[in-house]
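In what follows, chains carry the letters A, B, and so on, assigned in the order in which the sequence lines appear, proteins first and then strands, with residues in each chain numbered from 1.
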Number of protein chains: 2
Amino acid sequence: MRPHILGIDLGGTKVLAAVLDPDGKIVARARAKTRGWRNDEEVFRTIALTGHRALESAGVDQDHLAAVGIGAPGPIDFDTGSIIETANLKFKNFPLGPRLAEEFGRPAIVENDVNAGVYGELRAGAARGAREVLGVFVGTGIGGGLILNGALYRGFSKGAGEVGHIIVAAGGPRCGCGNRGCLEAVASRTAITRDIRKAIKRGYRGPVTKSLNKETDQLSGKDLKLAYDSGDQLVKRVIHRAAKLIGVGMGSLLNVLGLEIVVLGGGVVEAFGDDFVDRIERAARAIAFEINSENVKITRAELGDDAGVIGSAMLAREALNRNAQRQG
Amino acid sequence: MRPHILGIDLGGTKVLAAVLDPDGKIVARARAKTRGWRNDEEVFRTIALTGHRALESAGVDQDHLAAVGIGAPGPIDFDTGSIIETANLKFKNFPLGPRLAEEFGRPAIVENDVNAGVYGELRAGAARGAREVLGVFVGTGIGGGLILNGALYRGFSKGAGEVGHIIVAAGGPRCGCGNRGCLEAVASRTAITRDIRKAIKRGYRGPVTKSLNKETDQLSGKDLKLAYDSGDQLVKRVIHRAAKLIGVGMGSLLNVLGLEIVVLGGGVVEAFGDDFVDRIERAARAIAFEINSENVKITRAELGDDAGVIGSAMLAREALNRNAQRQG
């Protein structure tokens, strides 16, 4: 049996683990909730156990495991494999890479979660074979990752890819990051919920009103889609505007980066599907110069929740191969 | 005598030529006006003659010339070395590279003019030794070029680098490109002049009024600086706003690209100097995430008008070396 790879995707609310066989096929999965855990050690135990469960379910023991890759939120110190900090988990300068390597007795790499997802789409999803790719994930926030010249592009700062924090509406709504008019502040699920809440406060009534009356912080993609499908005019207007503004951001980046593929994913894109992507695409192509529009493909992500585990596993395998070559 | 390179910078109003010695030093220059020429052949003759004058002045004959490089406006077909079209000159699918190669009996390369300028700053100016660079030139329009992983980045489309056409103010003023709220539409000299003209129409009077009463389309950098220095409140406000919005665009791109150096040049930057760059820098750093701000240098271009001739000459020399290696 040739060596398998364990890929892990750590999110603010859940952890997914998958075992990939030597052909890159997922042979087993495991998942667990991460929400509510008190400290970094408890979260780490959850991650480790989820990994072990996936390996067990695949029937892969340590002798047949080659490496571990994990995609994690928050800025990462790539030199040490540590998570510097995260918004939703208690990690603070936590040596996630070294701890996973110790736990599984194999080399482990840590990558930014969104980068790992984009890399998964590059190796096994919507961007297979491409060289210049932007991945954009629209959910609670808007995250992104770049593939340039066929490789993951982290930039000089190692913090590239933050497409949610380009300013598309200078002086516009305040973003969670403190600035005004970020793409995330006008087109994420958080922004969409805020705009709907505001209109309801001003007296709007429609199918969506019921959902917002629930004890909930944010409308889910499902809530929004239900209201949209039942003809809620406010939700339609807000969703169409969000798609248009995402397109404005994408068009801007097409002009700067002359991309080959833009891959769109995340909860909002999955809930609203092709019509949402079409609206983004039309707005982006209206803005991009002809040369930057005529050859780009704008498409939906294909791997869903698997993107992160596949991407981090692929990155772990490639790091292993590079090291083997160096030593060979 | 080792081989020299001829570098040419073709603009809408002038053509510059320079001869670089094997150490990359400019040993002679020539220039001519291009404005008002009727057709492509006449412009080409001007380019060729300017090149010959520079070679003559350097005392370099064809035997000691290795290659020719030219930076030219407009989208370029890199496969054929043709200019597809230009806004200010009559070139239309003009085979500029092959024609220069024929004229000088040496290999010739054609590059986008702004890319050539950024490449000059990379090899001999403010970005020496850097790997992730954005060059931004603020004049009549706003142009840009990217160096990623140490090399000129043209993107999949070959049309990357159009930083003047990222949208910073969705729904804002109409741009020459047809869109609304492009960086160029809110912060170029054209936008600055438009805003000042509008305020004067509404009744504003100040030192700048006189300059705009002249028979002129646009305020020059010098006009603007004079009014600014004599305390014109309108000009101050408009210039400060332009700097801030350029900073907004740069901060956005820092978040996407995690850059090492941002080099700022062009007529407006040269006219207003360090104070203008400081304002851009403050706005950019306010927007960029800490990880994307803490290591980036934001600085003025160093080469002025020489950037384009040096950059295109360097690109020609490197293309020659690559070909020699392939054949060797």
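- Taking B:Gly144, B:Ala170, B:Gly181 one by one and counting their heavy-atom pairs under 4.5 Å with chain A, the maximum is reached by B:Ala170.
- Contact between A:Ala160 and B:Gly258 at its shortest, heavy atoms only, is CB-N, 3.9 Å.
- Screening A:Val256, A:Leu254, A:Val168 for a side-chain contact (heavy atoms from CB on, under 4.5 Å) involving B:Ile166 leaves a single residue, A:Val256.
- For chain B, the nearby parts of A:Leu257 are the backbone and the side chain; heavy atoms of each come within less than 4.5 Å.
- For B:Phe91, the ring pair (Phe, Tyr, Trp, His ring centres under 6.0 Å) partners at least two apart in sequence or on another chain are B:Phe94.
- Under the side-chain contact (heavy atoms from CB on, under 4.5 Å) criterion, B:Ala124 pairs with B:Leu303, B:Ile310, sequence neighbours left out.
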Using distance alone, with no hydrogens and no angle check, list the donor-acceptor pairs under 3.5 Å between chain A and chain B.
from     : atom 1 : to       : atom 2 : distance (Å)
A:Glu132 : OE1    : B:Tyr153 : OH     : 3.0
A:Tyr153 : OH     : B:Glu132 : OE1    : 2.9
A:Tyr153 : OH     : B:Leu257 : O      : 3.1
A:Phe156 : N      : B:Gly258 : O      : 2.7
A:Ser157 : N      : B:Gly258 : O      : 3.1
A:Ser157 : OG     : B:Asn292 : OD1    : 2.5
A:Gly159 : O      : B:Asn292 : ND2    : 3.1
A:Gly161 : N      : B:Asn255 : O      : 3.4
A:Gly161 : N      : B:Val256 : O      : 2.8
A:Glu162 : N      : B:Asn255 : O      : 2.9
A:His165 : O      : B:Asn255 : ND2    : 3.0
A:Ile167 : N      : B:Ser252 : OG     : 2.8
A:Val168 : O      : B:Ala170 : N      : 2.8
A:Ala170 : N      : B:Val168 : O      : 2.8
A:Asn179 : ND2    : B:Ile287 : O      : 3.0
A:Ser252 : OG     : B:Ile167 : N      : 2.8
A:Asn255 : O      : B:Gly161 : N      : 3.4
A:Asn255 : O      : B:Glu162 : N      : 2.9
A:Asn255 : ND2    : B:His165 : O      : 3.0
A:Val256 : O      : B:Gly161 : N      : 2.8
A:Leu257 : O      : B:Tyr153 : OH     : 3.1
A:Gly258 : O      : B:Phe156 : N      : 2.7
A:Gly258 : O      : B:Ser157 : N      : 3.1
A:Ile287 : O      : B:Asn179 : ND2    : 3.0
A:Asn292 : OD1    : B:Ser157 : OG     : 2.5
A:Asn292 : ND2    : B:Gly159 : O      : 3.1

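- Taking chain B as the reference chain and counting heavy-atom pairs below 4.5 Å, the highest number among A:Ile167, A:Ile291, A:Val163, A:Val296 is found for A:Ile167.
- Sorted by first and then second residue, the ring pair (Phe, Tyr, Trp, His ring centres under 6.0 Å) pairs involving residues 124-146 of chain B (not counting sequence neighbours) form an empty list.
- For the options A:Gly155, A:Gly249, A:Gly161, heavy-atom pairs under 4.5 Å to chain B are most numerous at A:Gly161.
- Contacts between A:Leu245 and chain B at a heavy-atom distance below 4.5 Å involve the side chain alone, from C-beta outward.
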